[in-house]
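Read through the structure below, which is laid out as structure tokens, and then see the notes.
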Protein chains: 2
Amino acid sequence: MDKKKLAKLEAAGWKTGSAQDFLQLSDEEAAFVESKVALAQALKAFRVEQDLSQAEAAHLLRSSQSRVGKMEAADQTVTVDLILRSLFKLGATRKDVADALRPRRIAKAH
Amino acid sequence: MDKKKLAKLEAAGWKTGSAQDFLQLSDEEAAFVESKVALAQALKAFRVEQDLSQAEAAHLLRSSQSRVGKMEAADQTVTVDLILRSLFKLGATRKDVADALRPRRIAKAH
DNA sequence: TGCGCGTATGTCAGATCTGACATAGAATCA
DNA sequence: TGATTCTATGTCAGATCTGACATACGCGCA
């Protein structure tokens, strides 16, 4: 499995635990990727909340549909800077961002 | 005044309100810069807490003293990605990062 | 004063990211 | 089925960032 696919898997709903379970990822890299994915998901949530397509959001962000898609997928070729700026442009507040980053409790195994 | 100096001013203790008071900065740019400055300050706090010089921290981060200095100054040539990764490498958790980002209440004018 | 230590800042070659484009996949509708 | 809409993904030229280096600044100490 390719390390580069991690973000995609995570975003696709592979929330069974954390990134490290699949790959040998250092603690700090895992924390970074998880943070990025959390922000990417928040971005998608903000966009969907406002009933925008990726193309429409791209117009607002002065970017392109493909880049918005990559942001939401937490693609390797996208920086946290871009995701953060986009969140704020879509109306997110610092509190929203902080909340998105705060680690969520994992559901206890039954 | 140069827009590029903003982060530096902020980091240097110009906390009298927000960035927008000085410059015409869009809401979203202001939020972004303030977030970056907050992370930069957190990074410095983590380093100082561990009694490290910028050069020592740079060694741990596999970077250079000058870049660490720029990170802490929230310099324009430094990305949030780099600051975030550095925070995690110095032992910060996602919660630490979320807390650093959460906007602090401004002290009420007497 | 000069020395040592830590920090700040300008510069640059090589690395990485960005918007844009092209194209493919998936879902809905008639 | 084809048409439409939305999303996913590969590529690339130009823009931006990175580590490293050089150098300057500030401060305490002998």
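Residue numbers start from 1 in every chain, and the chains themselves are labelled A, B, ... in the order their sequence lines are given, proteins ahead of strands. Model, not experiment: these values are computed from the prediction.
Nucleic acid contact for B/Ser64: base, since at least one base atom lies under 4.0 Å from a heavy atom of the residue. Counting any heavy atom pair closer than 4.0 Å across all strands shown, B/Val68 reaches no nucleic acid atom.
Just one of B/Arg67, B/Gln54, B/Lys44, B/Gln41 meets the side chain to side chain donor-acceptor pair (under 3.5 Å) condition when paired with B/Glu72; it is B/Gln54.
Between B/Ile83 atom CD1 and D/dC17 atom P there is a gap of 11 Å when expressed in whole angstrom units. Summarising the geometry, the separation between CD on A/Gln76 and C1' on D/dT11 is reported as 17 Å, rounded to the nearest angstrom. Atom-to-atom, CG of A/Asp75 to C1' of D/dA8 comes out at 10 Å; the value is rounded to the nearest Å. Distance, A/Glu72 CD to D/dC6 P: 14 Å, rounded to whole Å. Distance, B/Leu84 CG to D/dC17 P: 16 Å, rounded to whole Å. Taking atom CG of residue B/Leu82 and atom C1' of nucleotide C/dC17, one finds them 14 Å apart after rounding to whole Å. Rounded to a whole Å, the NZ atom of A/Lys44 is 11 Å from the C1' atom of D/dA8. Rounded to a whole Å, the CG atom of B/Asp81 is 13 Å from the C1' atom of C/dT18.
Checking A/Arg67 against B/Lys70, the closest nucleotide of DNA chain D that is more toward the 5' end is the one next to A/Arg67. Between B/Gly69 and B/Arg85, the residue anchored closer to the 5' end of DNA chain C is B/Gly69, taking for each the nucleotide with the nearest heavy atom.
Put simply, the side chain of B/Phe88 does not reach to within 4.5 Å of the side chain of A/Ser26, judged on heavy atoms. Side-chain atoms of A/Leu61 and A/Leu90, non-hydrogen and from C-beta on, do get closer than 4.5 Å to each other. Taking the side chain as every heavy atom from C-beta outward, A/Arg94 and B/Glu34 approach each other to under 4.5 Å. Counting only heavy atoms from C-beta outward, the side chains of B/Val33 and B/Val37 approach each other to under 4.5 Å.
Nearest approach of A/Asp75 to A/Lys36, heavy atoms of both residues: O-NZ, 3.2 Å.
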Evaluate B/Phe46 against B/Leu87 for side chain to side chain contact (heavy atoms under 4.5 Å, CB included), listing each step before the verdict.
CA-CA 8 Å; B/Phe46 261 84; B/Leu87 272 166; 4.0 Å; yes
Would you sort out whether B/Arg85 and A/Glu29 count as a side chain to side chain contact (heavy atoms under 4.5 Å, CB included), showing the intermediate values?
CA-CA 7 Å; B/Arg85 279 188 216 267; A/Glu29 257 306 287; 2.6 Å; yes
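Residue A/Asp27 holds its CG atom at 11.5 Å from OG1 of B/Thr93, rounded to the nearest 0.5 Å. Summarising the geometry, atom CD belonging to B/Glu56 is positioned 8.5 Å from atom CG belonging to B/Asp51; distances are rounded to the nearest 0.5 Å.
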Atom pairs under 3.5 Å: protein N/O with N/O of nucleotides 22-28 of chain D:
none

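The end-to-end axis angle of the helix from C/dT1-D/dA30 to C/dA30-D/dT1, rounded to 10 degrees and based on five pairs per end, is 30°.
Cluster membership check: B/Met71 does not share its hydrophobic cluster with B/Val48, using side-chain heavy-atom separations under 4.5 Å among Ile, Leu, Val, Met, Phe, Trp and Tyr.
Annotation for B/Arg62: atom CZ does not count as buried by contact number, only 12 or fewer foreign heavy atoms lying within 6.0 Å.
A heavy-atom distance below 4.0 Å to DNA chain D is reached by none of the residues of residues 45-60 of chain B.
In terms of phosphate contacts, B/Thr77 brings no side-chain nitrogen or oxygen within less than 4.0 Å of OP1 or OP2 of D/dC17.
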